[in-house]
Amino acid sequence: MKIIDNIKELKEEIKKLSGSVGLVPTMGALHNGHLSLIKKSVEENDKTIVSIFVNPIQFCAGEDLDKYPRTLEKDAQLCENAGVDIIFAPKVSEMYGQDKNNLTLICPPYDAVDKLCGKSRQGHFDGVCSVVAKLFNLTKANRAYFGQKDAQQLFIIQKMVKDLDFDIEIIPCPIVREEDNLALSSRNQYLDEQDRLDALSISKALFEAKKLVKMGVLDTKKIIDNSLEIMKNLDVEYIEFVDMNTFEFTETVDKNTLALVAARVQNSKTRLIDNMVLWD
Ligand code: PAF
């Protein structure tokens with residue numbers, strides 16, 4: 001496995017590759033969720049590239065850019081064991097030059113970003129799309145793997161690929177959960193013991209919502225009341241229901257409905273997200 005930190009060398013390596021290439025874009029601090037994406041890519045492609053880059057332009061002022069966990073050595077070991085061929089781990093100046101505030105950006109449409117996570121994280125998805133597009137161009141990957149935990153991100157990237165005719169297949173990968181159902185996230189590292197317990201209300205609310213739907217409760221207002229009661233130990237930023245194909249809000253659950261939650265735990269103020277398809 002090669003660890004590459006500059007664009008010139010990456011381009012040279014890419015030229016030498018034959019067969020299909022899978023890309024797993026990450027910000028590092030790899031966990032079993034990332035490893036499930038990597039495993040799928042290794043299975044489906046001749047070569048797998050993992051990018052590890054804490055992308056500053058997708059963080060908003062006051063967010064956790066500085067404290068975001070950076071664990072390259074450990075990540076590299078995990079990638080090596082998983083059969084990755086190349087890690088691309090550039091510095092910020094390598095990706096963006098000296099002025100990261102003066103870049104050409106890809107800005108997804110207002111409709112897609114003015115809701116859910118985009119509402120509280122202004123500019124976040126511009127940063128995500130811009131770095132992902134750059135990684136697609138650099139790696140010339142045939143397939144790219146994204147987790148369904150970041151459902152709005154996945155939707156927006158799929159839209160970008162379609163709207164701009166990127167020649168790449170986006171492969172959505174299911175959420176990976178701990179045994180107690182907490183969705184895996186690099187940010188779970190911020191949780192102390194109490195936060196970790198509190199955070200379980202999120203998945204509990206979603207699984208209860210699923211149960212309600214099974215019992216025939218399809219009115220999202222009723223489901224929201226029940227979910228908010230379960231999550232009353234958290235600062236809930238949103239609980240919303242969308243059609244997963246369009247990300248339009250919906251008031252009645254059907255087979256396409258995705259329930260999404262963002263909430264902060266009380267102690268560390270860590271912001272967590274999760275989502276679930278409610279129809280069985
Ligand atoms: O999901 C993430 O970790 C990031 O948003 C991504 C896709 C690697 C872009 O920086």
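Not measured: the values here are computed from a predicted model. In each ligand, atom 1 is the first atom listed, and ligand 1 is the first ligand listed.
- Interface of T26 with ligand 1, defined as ligand atoms under 4.0 Å from a residue heavy atom, comprises 8 (C).
- Remark: minimum distance from atom 3 (O) of ligand 1 to any protein heavy atom is reached at M27 CG, 3.7 Å.
- Ranking protein heavy atoms by distance to atom 4 (C) of ligand 1, first place goes to Q58 NE2, 3.7 Å.
- A donor-acceptor pair under 3.5 Å links the side-chain atoms of R264 to the main chain of K269, judged by distance alone.
- Proximity to P25 (heavy-atom distance under 4.0 Å) selects the following atoms of ligand 1: 8 (C).
- Using modelled atom types, one side-chain atom of D75 and one backbone atom of A29 make a donor-acceptor pair closer than 3.5 Å.
- Electrostatic pairing of K15 and E12 does not count as a salt bridge here, judged by no charged N lying under 4.0 Å from a carboxylate O.
- Closest protein heavy atom to atom 5 (O) of ligand 1: Q153 OE1, 2.7 Å.
- Here the shortest heavy-atom pairing between D254 and W279 reads C-CE3, 3.4 Å.
- Classification of K2 and E13 as a salt-bridged pair holds, one side-chain N sitting under 4.0 Å from a carboxylate O.
- If you look at D150 next to ligand 1, the close heavy atoms, those under 4.0 Å, all belong to the side chain.
- In the vicinity of V131, heavy-atom distances shorter than 4.0 Å reach the ligand 1 atoms 9 (C), 10 (O).
- L72 and L78 fall within a single hydrophobic cluster, where Ile, Leu, Val, Met, Phe, Trp and Tyr side chains are chained together by heavy-atom contacts under 4.5 Å.
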